[in-house]
> 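Sharing a structure below in structure tokens format, with a few things to ask.
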2 protein chains.
Amino acid sequence: MVNRKSGVPAFRQVATDLREKIAAGQYAPGDQLPSEREMVETYGVSRPTIREAVDMLRAEGLVTSEHGRGVFVRPPASIQRIARSRLSREARGRNRGAFLADAAARGFTPSTSVKIRFEEADSRTATHLAVSEGAELTVRDRVMRADGLVVQIAVSRLPRELTRDTAIEQVDTGKGGAYARREEAGHTLGSFIEHVGARMPTPDEASLLQLADGVPVMTVTRVAYGEDGTPLEMNDMVLAADRYELSYEWPAD
Amino acid sequence: MVNRKSGVPAFRQVATDLREKIAAGQYAPGDQLPSEREMVETYGVSRPTIREAVDMLRAEGLVTSEHGRGVFVRPPASIQRIARSRLSREARGRNRGAFLADAAARGFTPSTSVKIRFEEADSRTATHLAVSEGAELTVRDRVMRADGLVVQIAVSRLPRELTRDTAIEQVDTGKGGAYARREEAGHTLGSFIEHVGARMPTPDEASLLQLADGVPVMTVTRVAYGEDGTPLEMNDMVLAADRYELSYEWPAD
DNA sequence: GAGTGGTCTAGACCACGTT
DNA sequence: ACGTGGTCTAGACCACTCC
């Protein structure tokens, strides 16, 4: 029963109560919550009020509701740890991208499809690639699937001058991938910088990545630099935050 | 006006329409959306339906609503870039933690408060610190403020054996901070690993960090290792995802 | 068919901010 | 005083799942 005089909205009291019971293990991961109509009786409020409370927990990623079945406590997703800062020349040759290796390790059959297009640099891209706004870019859109299911979307952008008449403008970049082609062209890689952020997904991303409510995405922008410090490539990735964790390692000195 | 026969729920149609108008710039950042009662007329649906649509946009972090004023398009927050993998011995001496330096750079007067406590290792901590579950830990809770406003919470955990009878068990660790004390005790730092994830905040975190709806947090767990590879410290941080971006740099080879 | 969540209505009253 | 969002009700009907 909710306290009508506390000043705390009824749906908030219900949400807090449910949250505490979940935290205490009274409703364990995978358990079904009481039905909305049951809770109407328990708490003495109307169904829309109960639903507002449940909506809150859903937005927090605590529960999921399944039409016709019930509301369930979300079991913690098994998160996949991805070691970054490991893109050594050797590793680049072995793996064809970190994510393909991941998928293989988890027993999924990975597949990717690539599309090539060209566009003009916006201000963010121009900054990262040290080109002027509007400069021509080669863009490689890569969609990665595990067992047919979209797991990751990666967009790679390069200054067009660096790619004209190279295999990088082909869908199949050949043995060793795009980095190998770039090194053949005299652009030896010097370093990488990754910028990591997080936000809520757009509806498109949510359906593509099959995200439950209350699951944010991590955005990773990796910029590859030549030995002279010239930016060679910018790679944007979007990852489901309940499935991945990124690990970075570096020496203390 | 919503299409009643499309099968798409009315609140979803309204949300999509508003989202498109925001994306197109028809409602620019900072602009006020039409009032809910106006939209009731425009779209020909009831107010709860309009509210459900607006709730959706709020959960996506697209708009914020202000009681008594209106609903506004969220201006993109100015994100602060934090360069990690820069904790050189020199830099550690200069800065007293990366975040204090950040706050100073932005013109805020930073302040921190520290509490010391002791606890037993749970399974996650035990794994990271390579101790057995239940082992005694020294815990330093640090709350960082900028102009009195909580900006960050950091929890540092160390095996108690390494800290007994050292200044690390004191609130004030002295000149050079906790790392300096550890190096004096013969534990020279060898490397760091940071694990980065993201999730929706708990209600506590949301109010402490003053997060708007639809803003996730990034979680950063940094483990410091000795030169022999022994884990010395584990540091958990929680950051507002609309205020920070993490940058990691490493050589290509 | 019975039970579940999903959508929607037409109101009501409250709390807040502005004028 | 007025307009805004915030909360809440008591229903109704639909869509889905399971028996």
Side-chain angles (χ1 to χ4, degrees), chain A residues 1-18 27 30-74 203 206-207 212-214, chain B residues 1-18 27 30-74 203 206-207 212-214:
Chain A
M1 278 294 178
V2 304
N3 177 352
R4 253 41 230 256
K5 304 188 212 165
S6 69
V8 180
F11 76 90
R12 234 169 251 285
Q13 294 184 44
V14 174
T16 301
D17 188 64
L18 292 172
Y27 301 129
D31 279 4
Q32 179 172 5
L33 260 48
S35 81
E36 296 177 349
R37 284 157 179 94
E38 257 182 85
M39 292 197 270
V40 165
E41 304 301 323
T42 316
Y43 293 104
V45 297
S46 69
R47 184 145 91 101
T49 301
I50 294 292
R51 282 187 63 80
E52 204 170 350
V54 174
D55 283 350
M56 241 188 132
L57 301 188
R58 259 202 332 208
E60 290 168 22
L62 266 181
V63 303
T64 49
S65 40
E66 299 181 26
H67 195 170
R69 301 219 318 125
V71 178
F72 301 87
V73 179
R74 277 252 307 273
S207 71
D213 285 323
Chain B
M1 279 291 178
V2 304
N3 176 352
R4 252 44 229 255
K5 305 188 210 164
S6 69
V8 180
F11 76 90
R12 232 169 256 285
Q13 294 184 45
V14 174
T16 302
D17 189 62
L18 292 172
Y27 301 129
D31 278 5
Q32 181 172 6
L33 260 48
S35 81
E36 297 178 348
R37 284 154 179 97
E38 257 181 84
M39 292 197 269
V40 165
E41 303 302 323
T42 316
Y43 293 103
V45 296
S46 69
R47 184 146 93 102
T49 302
I50 294 291
R51 282 188 63 80
E52 204 170 350
V54 173
D55 282 351
M56 242 187 130
L57 301 189
R58 258 201 332 204
E60 290 168 21
L62 267 180
V63 303
T64 48
S65 39
E66 299 180 26
H67 196 169
R69 302 218 317 126
V71 178
F72 301 86
V73 179
R74 275 253 305 275
S207 71
D213 285 322

> Using whole Å, report how far CZ of A:F72 lies from P of D:dT17.
12 Å
> Nearest whole Å is fine: how far is C:dG3 P from A:M39 CE?
17 Å
> Measure from CD on B:E52 to C1' on D:dT7 and round the result to the nearest Å.
15 Å
> Under 4.0 Å between a side-chain N/O of A:R69 and OP1 or OP2 of C:dG3, yes or no?
no
> Whole Å only: how far is the CD atom of B:E66 from the C1' atom of C:dC16?
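Taking atom C1' of C:dC16 as the reference, CD of B:E66 is at 11 Å.
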> Side chain of A:E36: nearest nucleotide among D:dG6, D:dC18, C:dG5?
C:dG5
> Between D:dC8, D:dT7, C:dT7, which nucleotide gets closest to the side-chain atoms of A:R12?
D:dT7
> Among B:D55, B:T42, B:V40, exactly one meets side chain to side chain contact (heavy atoms under 4.5 Å, CB included) together with B:I50. Which residue is that?
B:V40
> Can you see if the side chain of B:R37 gets near the phosphate of C:dA10 - specifically, an N or O under 4.0 Å from OP1 or OP2?
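For B:R37, the contact criterion (side-chain N or O under 4.0 Å from OP1 or OP2 of C:dA10) is not met.
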> Could you tell me how far apart B:R51 (CZ) and C:dA10 (C1') are, to the nearest whole angstrom?
16 Å
> Quick check on D:dG6: is either OP1 or OP2 less than 4.0 Å from any side-chain nitrogen or oxygen of B:S65?
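It does, given that an N or O in the side chain of B:S65 lies less than 4.0 Å from OP1 or OP2 of D:dG6.
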> Where each residue is assigned the nucleotide of DNA chain D containing its nearest heavy atom, which of A:G68 and A:P48 is assigned the position nearer the 5′ end?
A:P48
> Kindly say if B:S46 contacts the phosphate of C:dG11, meaning a side-chain N or O under 4.0 Å from OP1 or OP2.
no
> Between A:R47 and A:F11, just flag the one whose closest nucleotide in DNA chain D comes earlier from the 5' side.
A:F11
> Return yes if some donor-acceptor pair links the side-chain N/O of B:E66 with the main-chain N/O of B:V71 below 3.5 Å, else return no.
no
> Using a 3.5 Å distance criterion without hydrogens, assess whether the side chain of B:Q13 forms a donor-acceptor pair with backbone atoms of B:N3.
yes
> For a quick check under 3.5 Å, do B:R58 and B:T64 share a side-chain donor-acceptor pair by atom type?
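No pair is found: no donor N or O on one side chain lies under 3.5 Å from an acceptor on the other.
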> D:dA15 base stacked by A:H67? Criteria: ring centres under 5.5 Å, plane angle under 30°.
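So A:H67 counts as stacking on the base.
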> Rounded to the nearest angstrom, tell me the gap between atom CD in A:Q13 and atom C1' in D:dC8.
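Taking atom C1' of D:dC8 as the reference, CD of A:Q13 is at 13 Å.
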> Base, sugar-phosphate alone, or nothing: which one does B:V71 contact when heavy atoms must sit under 4.0 Å apart?
sugar-phosphate
> Considering only C:dT9, C:dG6, D:dC8, which nucleotide approaches the side chain of B:V45 most closely?
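Nearest to the side-chain atoms of B:V45, counting from C-beta on, is C:dT9.
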> Between P on D:dG5 and CZ on B:R58, what's the gap in Å once rounded to a whole number?
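So the CZ-P distance, B:R58 to D:dG5, works out to 11 Å.
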> Is it true that a side-chain atom of A:E52 and a backbone atom of A:R47 form a donor plus acceptor pair closer than 3.5 Å?
no
> Give a yes or no answer on whether the side chain of A:T16 reaches the backbone of A:R12 with a donor-acceptor pair at less than 3.5 Å.
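Yes: the side chain of A:T16 pairs with the backbone of A:R12.
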> How many whole angstroms separate atom CD of B:Q32 from atom P of C:dC16?
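From B:Q32 CD to C:dC16 P: 19 Å.
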> Tell me whether the OP1 or OP2 atom of C:dT4 has a side-chain N or O from A:S35 closer than 4.0 Å.
yes
> Using a heavy-atom cut-off of 4.0 Å across all strands, would you classify A:P9 as base, sugar-phosphate, or nothing?
sugar-phosphate
